[in-house]
Structure formats: C-alpha cells, structure tokens
Student: 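Okay, handing you the structure first.
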Amino acid sequence: MSWHKGRGRREGGYHHGNLKEALVQAALDLIANKGPAGFTFAEAARSAGVSPAAPYRHFRDRDELLASVAQQGFEQFEAQLTAAWDDGRPDTPTAFQRIGKAYLAFARENPAYYSAMFESGVPIESNPALLLAGERAFAVIRAASERLVAMAPPGVPRPPAMMMALHIWSMSHGIASLFGRGDAARRKLPMSPDDLLEAGVLIYLKGLGFPTDQHRHAAPPK
C-alpha cells in the first residue's frame with residue numbers, strides 16, 4: 001500500500017536550523033513509502049540527514065515523533081473542516097455537506113498525514129497535545145451536528161448532537177478509508193466517494209425524519 005500523494009513533503013530538503021520539522025517531514029516520507037509502522041527512529045534520522053542520536057533532542061522515541069506528525073495532521077484537518085463549515089453559511093444543510101466533502105478531500109490529498117492520525121497506534125492518553133488536536137477537529141463536526149439537530153421539524157424526536165456527530169464521523173471515516181484515499185488500496189466504485197457519502201448522509205437524515213430535499217444541491221467545497 002502506498003501513501004505517497006499529498007503527504008506534505010517539502011521539495012528540496014529542509015533548513016538544518018529546524019531539526020524538529022526536518023524529522024517530521026522525514027517521517028511523512030517514510031509513512032508514504034512504508035506506512036506508519038514500517039520504519040524505525042534511526043531510519044527517520046537517516047532520512048533527515050542527521051545522526052541517530054539527533055532526534056532525541058526533540059523526541060523521546062518514535063511514538064513521540066509519530067504523535068507530532070499526527071498532531072500536525074489534525075491541526076490541518078481542523079482548519080480544512082472549519083473553512084468548509086464556514087459557520088454554517090449560506091445555510092446549515094449546504095455547509096454540512098461541505099464538511100463531508102472536505103473530510104474526503106483531506107484524506108485523499110494527505111494520505112500520509114491521515115495514516116499517522118488514524119493508523120499509527122500512538123497512545124492518545126499519553127499525548128495531550130495530540131488528544132486536544134483531535135478533539136478540536138471533531139468539535140467542528142459536532143458544532144455542525146448541533147446546528148442541524150436544532151432544525152428538526154416539529155414532532156420529530158431530536159437525536160443527541162453527539163450521537164449524530166459520531167455517526168457522521170464514522171460514515172465519513174469509513175468511506176475515506178475504503179474508497180477516498182490516494183493510495184493503491186482504493187476500490188473501484190460506480191460512483192465517487194463524495195457521491196457515496198452524500199447519499200449515505202441523506203439516507204441517514206431521512207431515517208431520522210429530517211426533510212432531505214434541500215440537501216440535494218449542496219454548494220461545492222471552497
């Protein structure tokens with residue numbers, strides 16, 4: 001499996017004055033070639049062009065390096081989701097659909113980051129900065145879900161916003177992981193991952209009793 005596309009690598013190497021960033025970029029390159037579990041701390045040092053001891057100036061071990069990569073990924077992910085949501089403009093259903101498209105776009109364009117974020121096995125509980133970055137990204141989906149739940153028609157039971165956010169996150173993540181990634185494991189579909197996610201969300205909302213006609217012509221992502 002290859003994670004090459006859009007992995008955030010800077011062409012032409014790095015500035016030697018920024019060892020920490022150089023190691024993060026080296027880790028992204030190695031994830032792109034071998035996956036998040038396929039390289040050692042020493043390989044990251046060698047890829048960055050430094051001695052095996054140099055990474056210890058900034059990272060305790062390989063897991064801490066992977067946590068830093070994943071944190072950067074979540075921070076960029078949050079920014080992309082926030083821009084897509086745009087505080088619900090021009091209307092909540094349209095903005096909600098944009099979030100789904102932004103989710104799939106991030107996974108497709110940044111597969112190495114996405115792999116570090118969700119497939120590295122780094123213990124979240126021992127990395128508070130990574131935990132916070134992940135929670136902030138999820139908070140965008142939760143905020144959008146809260147706005148959507150508030151639009152439930154009279155007489156329709158309102159589901160908990162947290163439950164809706166988790167359902168939408170799970171659906172988006174499943175489609176991104178199976179079909180929307182920029183790697184060789186992407187499966188062939190009779191529709192695009194974006195269309196698949198949109199259809200899934202519409203079916204989900206219809207099942208909750210929400211009107212769905214207004215969702216069919218969502219604006220394209222920014």
Side-chain angles (χ1 to χ4, degrees), residues 6 8 70-111 113-119 124 128-182 189 191-222:
Q71 180 185 337
Q72 279 193 14
F74 272 115
E75 288 168 353
Q76 294 183 27
F77 188 44
E78 179 205 351
Q80 201 158 319
L81 294 180
T82 299
W85 171 234
D86 193 23
D87 199 28
R89 288 183 285 262
D91 58 76
T92 299
T94 296
F96 196 79
Q97 289 289 353
R98 284 201 310 263
I99 287 179
K101 293 178 185 293
Y103 195 115
L104 297 184
F106 182 89
R108 181 172 57 249
E109 295 164 6
N110 302 279
Y113 270 129
Y114 195 82
S115 183
M117 291 156 59
F118 294 111
E119 298 166 8
I124 299 292
L130 173 57
L131 176 61
L132 178 61
E135 288 179 343
R136 286 172 62 93
F138 176 72
V140 181
I141 298 177
R142 182 172 181 178
S145 297
E146 288 172 349
R147 196 83 63 87
L148 198 61
V149 165
M151 296 175 59
V156 173
R158 295 186 177 185
M162 173 62 87
M163 182 189 74
M164 177 180 283
L166 288 170
H167 287 167
I168 297 299
W169 180 294
S170 299
M171 193 185 309
S172 302
H173 182 72
I175 291 173
S177 296
L178 287 172
F179 308 115
R181 292 277 293 278
L189 286 178
M191 64 181 73
S192 72
D194 286 14
D195 288 342
L196 181 62
L197 179 58
E198 182 176 357
V201 171
L202 292 178
I203 292 168
Y204 174 76
L205 294 177
K206 187 174 182 180
L208 292 174
F210 283 65
T212 56
D213 288 347
Q214 58 186 324
H215 294 260
R216 291 177 183 167
H217 302 291
K222 294 185 175 180

Student: Less than 6.0 angstrom separating the ring centers of Phe77 and Tyr103, yes or no?
Tutor: yes
Student: Would you say the side chain of Pro93 lies within less than 4.5 Å of the side chain of Met151, judging by non-hydrogen atoms?
Tutor: yes
Student: Could Asp87 and Arg147 be called an ion pair, given the rule that one side-chain N must be under 4.0 Å from one carboxylate O?
Tutor: yes
Student: What verdict does the side-chain contact (heavy atoms from CB on, under 4.5 Å) test give for Phe138 and Leu166, after you've listed the backbone C-alpha separation in whole Å, the side-chain angles of each residue and the deciding distance to 0.1 Å?
Tutor: CA-CA 9 Å; Phe138 176 72; Leu166 288 170; 3.8 Å; yes
Student: Search all heavy atoms of Leu196 against all heavy atoms of Met191 and return the closest pair with its distance.
Tutor: CA-SD, 3.6 Å
Student: Taking Thr82 for its side chain and Glu78 for its backbone only, find out whether a donor-acceptor pair lies under 3.5 Å.
Tutor: yes
Student: Walk me through it: do Arg136 and Phe74 pass the test side-chain contact (heavy atoms from CB on, under 4.5 Å)?
Tutor: CA-CA 8 Å; Arg136 286 172 62 93; Phe74 272 115; over 6 Å; no
Student: Could you tell me the separation between the CD atom of Gln76 and the CD atom of Glu109, rounded to the nearest 0.5 Å?
Tutor: 11.0 Å
Student: Between CE of Met163 and CG of Leu208, what distance do you get to the nearest 0.5 Å?
Tutor: 6.0 Å
Student: Could you tell me the separation between the OH atom of Tyr204 and the NE2 atom of His167, rounded to the nearest 0.5 Å?
Tutor: 5.0 Å
Student: Work out which heavy atom in Ile175 is nearest to a heavy atom in Pro193; give both atom names and the distance.
Tutor: CG2-O, 3.8 Å
Student: Given His173, which of Phe179, Phe106, Phe118 fulfils the ring pair (Phe, Tyr, Trp, His ring centres under 6.0 Å) condition?
Tutor: Phe118
Student: What's the separation between atom CD1 in Ile99 and atom CD1 in Ile168, rounded to the nearest 0.5 Å?
Tutor: 9.5 Å
Student: Looking at every heavy atom in both Pro153 and Gly209, which two are closest together, and how far apart are they?
Tutor: CG-O, 3.8 Å
Student: Checking Arg108 against Asp194 for the side-chain contact (heavy atoms from CB on, under 4.5 Å) test, could you report, in this order, the C-alpha distance in whole Å, the side-chain angles of both residues, the deciding distance, and whether it holds?
Tutor: CA-CA 11 Å; Arg108 181 172 57 249; Asp194 286 14; 4.0 Å; yes
Student: Rounded to the nearest 0.5 Å, what separation is found between the CZ atom of Arg142 and the CE atom of Met164?
Tutor: 12.5 Å
Student: Drop me the distance from Glu198's CD to Lys101's NZ, to the nearest 0.5 angstrom.
Tutor: 5.0 Å
Student: Using side-chain contact (heavy atoms from CB on, under 4.5 Å), reason through Met162 and Val149 one step at a time and then give a plain yes or no.
Tutor: CA-CA 10 Å; Met162 173 62 87; Val149 165; over 6 Å; no
Student: Looking at every heavy atom in both Gly200 and Met171, which two are closest together, and how far apart are they?
Tutor: C-SD, 3.5 Å
Student: Give the minimum heavy-atom separation between Ala102 and Gln80, together with the two atoms involved.
Tutor: O-NE2, 3.6 Å
Student: Write down the atom of Ser145, the atom of Ala161, and the distance for their closest heavy-atom approach.
Tutor: CB-O, 3.7 Å
Student: I'd like to know if the side chain of Ser115 and the backbone of Pro111 have a donor-acceptor N/O pair within less than 3.5 Å.
Tutor: no
